[in-house]
Amino acid sequence: MTHQLSSPDFHGEEKSEQVTSIGQIKPELYRLRGGDQGEGKTGDNCSKIRFLLRYTFNTEQLVVKILKAVDLAAKDANGFSDPYVKIYILPDRKKKFHTKITQKNTLNPIFNETFQFGVPLAELHSQKLHFSVYDFDRFSRHDLIGQVVVDNLLDFSEGTGEKPVWRDIVEGTKIKADLGELNFSLCYLPTAGRLTATVIEATNLKAMDLTGFSDLYVKASLICDSCRLKKRKTSNKKNTLNPTYNEALVFDIPHEDIDRVSIVIAVMDYRGKKPNQD
């Protein structure tokens with residue numbers, strides 16, 4: 001199963017872990033306002049992103065150049081943000097890119113970075129381009145500034161010219177951040193009093209390190225009456241956003257107690273003895 005995770009608040013939680021909540025994008029909930037609007041200044045102080053799209057028929061590549069963003073929301077105490085943009089294709093999200101995390105203390109970052117997605121022409125009409133704008137934070141969870149979903153990609157395959165496109169950025173507080181997916185299974189054997197959580201894999205997780213990757217493991221905690229009774233962990237997978245585990249986490253639970261307990265599964269970024277704590 002694919003499951004949405006929350007960030008559990010455990011008493012006595014060790015300080016060497018950083019929780020990554022996991023959710024899914026619902027593009028149909030996003031409201032797109034405006035298209036190509038000059039320099040993006042419409043008088044409503046709306047955050048915008050400017051980019052170029054081009055489709056090359058001979059190689060079946062969708063070329064995306066992120067130019068800049070304007071009037072971003074301030075996420076830091078100094079009144080600025082350290083913005084970067086994550087980009088991928090919906091609905092499969094097989095390939096993900098992000099701009100360099102080098103923009104510091106600005107609400108009007110200039111990126112000028114180009115990315116390419118292999119998209120067959122026959123599938124272009126059903127694909128959507130997704131941008132997520134984040135504020136990088138070295139010591140806590142990256143703040144979602146906003147997101148944009150662009151559909152009708154087939155329209156951009158017509159003609160050979162490149163025309164800058166503006167899109168309004170939907171505020172991050174209005175939509176749920178896409179932080180990836182976790183695939184796992186649960187199996188309980190009443191006769192043996194044994195619950196097995198098999199962690200299969202995680203995909204498209206959020207980068208927590210400056211390298212653009214994370215050191216990831218999965219922790220399962222057995223909860224009863226708001227208290228954690230037991231915990232189990234997978235091995236740690238380093239420098240990846242798509243870890244594969246195929247590991248079983250086993251809990252002994254008497255049959256008469258199974259209705260009194262719950263299990264919380266969290267994806268953790270290992271940070272050593274002095275962690276970033278979400």
Side-chain angles (χ1 to χ4, degrees), residues 1-26 86 93-94 96 134 137 139-144 176-209 211-278:
M1 67 179 73
T2 299
H3 199 74
Q4 177 178 345
L5 304 184
S6 60
S7 300
D9 183 13
F10 299 136
H11 295 291
E13 188 67 65
E14 54 268 42
K15 296 299 184 179
S16 61
E17 300 164 342
Q18 182 171 351
V19 180
T20 298
S21 299
I22 294 185
Q24 291 183 324
I25 292 292
K26 291 185 177 181
K86 186 182 297 184
R93 298 187 296 180
K94 291 181 179 179
K96 179 185 297 183
Y134 285 94
D137 195 322
F139 300 104
S140 66
R141 178 181 299 173
H142 302 189
D143 292 319
L144 177 65
K176 182 179 295 185
D178 172 58
L179 302 178
E181 294 180 349
L182 177 66
N183 295 323
F184 63 94
S185 65
L186 294 176
C187 178
Y188 182 68
L189 297 178
T191 55
R194 182 174 301 163
L195 174 67
T196 302
T198 301
V199 181
I200 303 169
E201 64 178 357
T203 56
N204 299 317
L205 299 182
K206 181 180 67 172
M208 300 304 296
D209 300 336
T211 60
F213 296 99
S214 299
D215 298 335
L216 300 161
Y217 66 95
V218 177
K219 180 175 68 174
S221 300
L222 191 66
I223 307 298
C224 181
D225 297 330
S226 300
C227 295
R228 186 179 67 184
L229 303 179
K230 303 175 183 177
K231 68 177 180 180
R232 300 287 187 269
K233 300 179 180 179
T234 67
S235 59
N236 186 31
K237 304 298 183 181
K238 296 183 177 180
N239 298 321
T240 180
L241 299 180
N242 299 280
T244 299
Y245 297 100
N246 291 319
E247 299 180 29
L249 308 179
V250 180
F251 296 90
D252 292 324
I253 307 173
H255 179 62
E256 60 270 19
D257 294 333
I258 191 64
D259 292 334
R260 300 179 54 240
V261 300
S262 59
I263 187 170
V264 175
I265 300 179
V267 178
M268 318 295 291
D269 177 39
Y270 182 77
R271 304 299 294 175
K273 294 182 178 180
K274 294 183 178 181
N276 297 336
Q277 180 70 43
D278 258 350

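Both backbone and side-chain heavy atoms feed into the values below; hydrogens, waters and symmetry mates do not.
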Test Asn242 against Asn204 for side chain to side chain contact (heavy atoms under 4.5 Å, CB included), laying out the working first.
CA-CA 6 Å; Asn242 299 280; Asn204 299 317; 3.9 Å; yes
For the residue pair Asp215 and Asp269, establish whether any side-chain heavy-atom pair is separated by less than 4.5 Å.
yes
Does any part of the side chain of Val218, heavy atoms only, come nearer than 4.5 Å to the side chain of Phe184, both counted from C-beta?
no
Would you find a donor on one side and an acceptor on the other, under 3.5 Å apart, between the side chain of Arg232 and the backbone of Ala220?
no
So Tyr134 and His142, would you call those rings parallel, tilted or perpendicular, with 30° and 60° as cut-offs?
perpendicular
With no hydrogens and no angle check, is any side-chain donor or acceptor of Tyr188 less than 3.5 Å from a backbone partner on Ile253?
yes
CG of Asn183 to CG of Asn246: how many Å apart, nearest 0.5 Å?
10.5 Å
To the nearest 0.5 Å, atom NZ of Lys231 lies from atom NZ of Lys219 at 5.5 Å
Can you see which heavy atom on Thr244 is nearest to which on Lys237, and at what distance?
O-CE, 3.1 Å
I need the Thr234 OG1 to Ile265 CD1 distance, nearest 0.5 Å.
10.5 Å
Using the rule given for side chain to side chain contact (heavy atoms under 4.5 Å, CB included), can you reason through Arg228 versus Val264, listing the C-alpha separation, both sets of side-chain angles and the distance that settles it, and then say yes or no?
CA-CA 9 Å; Arg228 186 179 67 184; Val264 175; over 6 Å; no
Between the OH atom in Tyr245 and the CG atom in Leu216, the distance rounded to the nearest 0.5 Å is 5.0 Å
With side chains defined as the heavy atoms from C-beta onward, is the minimum distance between Pro243 and Leu205 less than 4.5 Å?
yes
Check against side chain to side chain contact (heavy atoms under 4.5 Å, CB included), Thr196 and Leu186:
CA-CA 6 Å; Thr196 302; Leu186 294 176; over 6 Å; no
Mind checking the CZ-CZ spacing from Phe251 to Arg194? Nearest 0.5 Å is all I need.
13.0 Å
Nearest 0.5 Å please: distance from the SG atom of Cys227 over to the CG atom of Leu222.
11.5 Å
Test item: Val199 and Tyr217 side chains (from C-beta on) under 4.5 Å apart, heavy atoms:
no
